[in-house]
Amino acid sequence: MKAAQLFVRCLENEHVGVIFGIPGEENLDLIDALVDSSIQFVTTRHEQGAAFMADVYGRLTGRAGVCLSTLGPGATNLVTGVADANLDHAPLVAIAGQASTERLHKQSHQVLDLVNLFQPVTKYAASIVTANIVSEVVRKAFKVAEMEKSGACFIEFPENVAAADTTATPLEVNKPILPEPSREQLEKAAALINAAQHPIILAGNGVIRLKATDALANFASTLNIPLANTFMAKGVIPFRHPMALGSAGLQANDYVSVGFNRADLIICVGYDLVEYHPYLWHPTGDRKIIHIDASPAEVDQHYNIAVGVLGNIHHSLTALTGMAKSHPGSASRSLRDALIEDMNLHQNDDGVPMKPQKIIWDLRTSMNLDDIVICDVGAHKMWMARMFRCEYPNTCIISNGFASMGIALPGAIAAKLADPAKKVVAVTGDAGFLMNSQELETAARLKLSLVVLIWNDASYGLIEWKQMQQFGRHAYTRFCNPDFVKYAKSFGAKGYKVKNADDLPRMLTAALNDNGVSVIDCPVDYSENLKLTEKLGEMVCQL
Ligand SMILES: Cc1ncc(C[n+]2csc(CCOP(=O)(O)OP(=O)(O)O)c2C)c(N)n1
C-alpha cells in the first residue's frame, strides 16, 4: 500500500466524512487514494473557502473539519481560514502537499517551509518525513485538534513520501476524557457564590463546545443568577430563559447594562479572553472572579482569579448547582430589556435602504428557531451579534476570535453539509461576500439549498463607522458593487434585490423554501450605526 492510501485509511479511521480542498500536483497520490474511500471530496474554488468550510464544519460537529491544498501558494491560501479556526477554537485539520524531501533543502519551485508557516496559527504542525509515521502524525493531529481547547492542526505530506510503500495500519482512536473538578475548588467556589450579593455569569463558547448548555441553564435558574453571553456563545442558554441577559460585547455601556459594574462576583464559564477582553467588563480589577473551564485561566491583570474550577464543565456546574445556595435577589435585566426594545422598535419600518434592526426582524421571523445563520464580519455582525435572538446553541455562528471577513458563504456551505435538514442563511456585508463569492459555484454544483443575504452599503461599513466615531470623517472605504442579481444568476443561483420594505420577508420566505442557492441584495441604512453608538457609548468590539 502507498503511504497516501494509508493516510486515507487513517482519515476514515478518524470518521472523516468530507474534505474541502483543491487538487494539485504535489497531492496527486492522496487525491487518487480518496477516490476509493468513503470520504466525500468537495472541490472548492479557493483554498481559503476550503479552510473556512472546514472551520465551520468543525464548529458545528465538534469533530475536526478537514481541508486540503497543494504546496506553496495553495497552502498560503489556507492560512486565514486555519488561523480563524485556531483562534476561535474550532477543531480543524489542514493538509498540504509538499515537494519531494529531496528538494526541500534548497531553493526550489513553489517550495516554502510550510511547517514553520503554520506553526503560529495551529496547535500542532508536522511533516510526514517518512511513510512509517503516517498513522502517528494523523492520529496526533486529530487528537490535538479536537482536544479542549480545540483548534487547528497542520500536516505536510511530501509527494515522494506519499508515493512510498508501507505496511503500517491506522492507530486506535481514543479521546481524552476531561478530569473531574477537585472537591476543594468546588467548595471554595460554592462559598464565594454563597457570600456574594450580586453575582453574575459570563458564558463563553467553551460551554457550547463541551455540550454543557443544559447544565448551565440549570445552574443559572436554580441559583437565580443572571447570565450574559459572549457573541460566540449566542444561544448558550435560550434568550427566553428567565436568567438570560443577552449577548454582551458591542459597546462600552454593556458593562453597565449587563450589571458588571454592580456585580461583586463574576462567574466566567467556558469564557475566552480573545473574544471580549476583561478590561471591558472588569475595568476596576477589584471584583472576585470564578473561572470554570476545562483549562487554566489566561494571565491578565483584569482577570485575577479567586478560584479556578478546572475539568469537565458539565460536572463542575452540576456539582455547584447542588452545593451553592439560591440567590434571593431578582435579576436585573436591563440589557435584555434594552435589546428587546431595540428589536421591536423598527419592526414596521418601511424605509429603503432598510434599517439593520428591520432586516434582523425580518430574518428572525422568516427562519425557524433551530435553523442556522453564519454571520460574516463587519457592521452587520455587530447588529446580528447584539440583536439576532437565539434560542439554541450553534444557530448563529460568528467568528469573533480571529474575526475574519469572508467566512459566511463558505461557512453556510459547510453548515448545509453538516446538517442538511436545517435551513441555512449566510448573512454578509457586500465586501466580505466578494472575498469568497466564487464559492457560489461550489454551492450550486453541490446542489445545496442555502440563502445569502447581502447587507449592501457599497462600503467597508464597520470601518466607516469607526472612522466617523473617531475622526468625524471617512476615508478609502467606499467602492462600487456588481449587479448582485445578475452575478448570482451567472452562477446558476437565484438573485433578488430588495426595492420596497415589504420585499424582504417575501424574498426570504421564497428563498428559504426554494431548492438551490439564492442571493438577496438588501440595501442597508447604516446611518443607524452612529445612532447606536451615540445611544450606547463607544464601540469597543474587535474589528
Ligand atoms: C480578512 C479581513 N480583512 C479586513 C478586516 C477588517 N475589517 C473588519 S470589518 C471590515 C469591513 C467589512 O465590510 P463589509 O463586508 O461590507 O461589511 P459591513 O461592515 O459593511 O457590514 C473590515 C475591512 C477583517 N476583519 N478581515
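The structure presented is a predicted model; accordingly, all values stated were derived computationally and were not measured. Atoms within a ligand are numbered from 1 in the order they appear, just like the ligands themselves.
When Ala458, Pro356, Ser399, Ala379 are checked for heavy-atom proximity to atom 18 (P) of ligand 1, Ala379 turns out nearest. Across the listed options Gln48, Lys381, Glu464, Met405, Met405 owns the non-hydrogen atom lying nearest to atom 12 (C) of ligand 1. Summarising the contacts of atom 13 (O) of ligand 1 with Tyr460, Phe402, Trp465, the nearest heavy atom is found in Tyr460.
Looking at ligand 1, you'll find an N or O of Ala403 within less than 3.5 Å of one of its N or O atoms. Some N or O of Leu462 is nearer than 3.5 Å to an N or O of ligand 1, by distance alone. Residue His380 has at least one nitrogen or oxygen atom sitting less than 3.5 Å from a nitrogen or oxygen atom of ligand 1, judged on distance alone. For a threshold of 3.5 Å applied to N or O pairs, the pair formed by Ile463 and ligand 1 contains no separation below that value. Checked against a 3.5 angstrom limit, the closest N/O atoms of Met435 and ligand 1 fall outside it.
No more than 12 heavy atoms of other residues, nucleotides or ligands lie within 6.0 Å of CD in Glu25, so this atom counts as exposed by the packing criterion.
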Inset, instruction - Please assess Tyr271 against Trp281 for the test ring-ring contact (aromatic ring centres under 6.0 Å, His included), listing each intermediate value before the final yes or no. - result: CA-CA 13 Å; Tyr271 156 76; Trp281 51 263; 5.5 Å; yes
Inset, instruction - Given ring-ring contact (aromatic ring centres under 6.0 Å, His included), test Phe52 with Phe20 step by step and report yes or no. - result: CA-CA 9 Å; Phe52 278 135; Phe20 305 96; over 10 Å; no
Legend entry - Chi angles and distances behind the ring-ring contact (aromatic ring centres under 6.0 Å, His included) call for Tyr124, Phe118: CA-CA 9 Å; Tyr124 168 69; Phe118 278 89; over 10 Å; no
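For ligand 1, the atoms lying closer than 4.0 Å to a non-hydrogen atom of Ser459 are 16 (O), 20 (O). Using a 4.0 Å cut-off to heavy atoms of Asp430, the atoms of ligand 1 that qualify are 16 (O). For ligand 1, the atoms closer than 4.0 angstrom to any heavy atom of Ala431 are 13 (O), 14 (P), 15 (O), 16 (O). Atom numbering of ligand 1 starts at 1 in the shown order; those under 4.0 Å from a heavy atom of Asp457 are 20 (O). Numbered from 1 in the order shown, with element, the atoms of ligand 1 that lie under 4.0 Å from a heavy atom of Gly429 read 14 (P), 15 (O), 16 (O), 17 (O). Residue contact check: Gly461 has heavy atoms under 4.0 Å from atoms 13 (O), 18 (P), 19 (O), 20 (O) of ligand 1. Close approach of ligand 1 to Gly432 (heavy-atom distance below 4.0 Å) involves ligand atoms 15 (O).
Note that NE2 of His46 and OG of Ser437 are 10.5 Å apart. Values are rounded to the nearest 0.5 Å.
In this structure, Val66 and Val18 have side chains that are not in contact, with every pair of non-hydrogen atoms separated by 4.5 Å or more.
Side chain to side chain, Gln357 and Glu528 meet the donor-acceptor criterion of an N or O pair below 3.5 Å. Remark: the Asn205 side chain and the His89 side chain contain no N/O donor-acceptor pair separated by less than 3.5 Å.
Ring pair His291/Tyr303: centre-to-centre distance below 6.0 Å.
Residues Gly406 and Asn436 approach most closely at O-ND2, 2.9 Å, considering heavy atoms.
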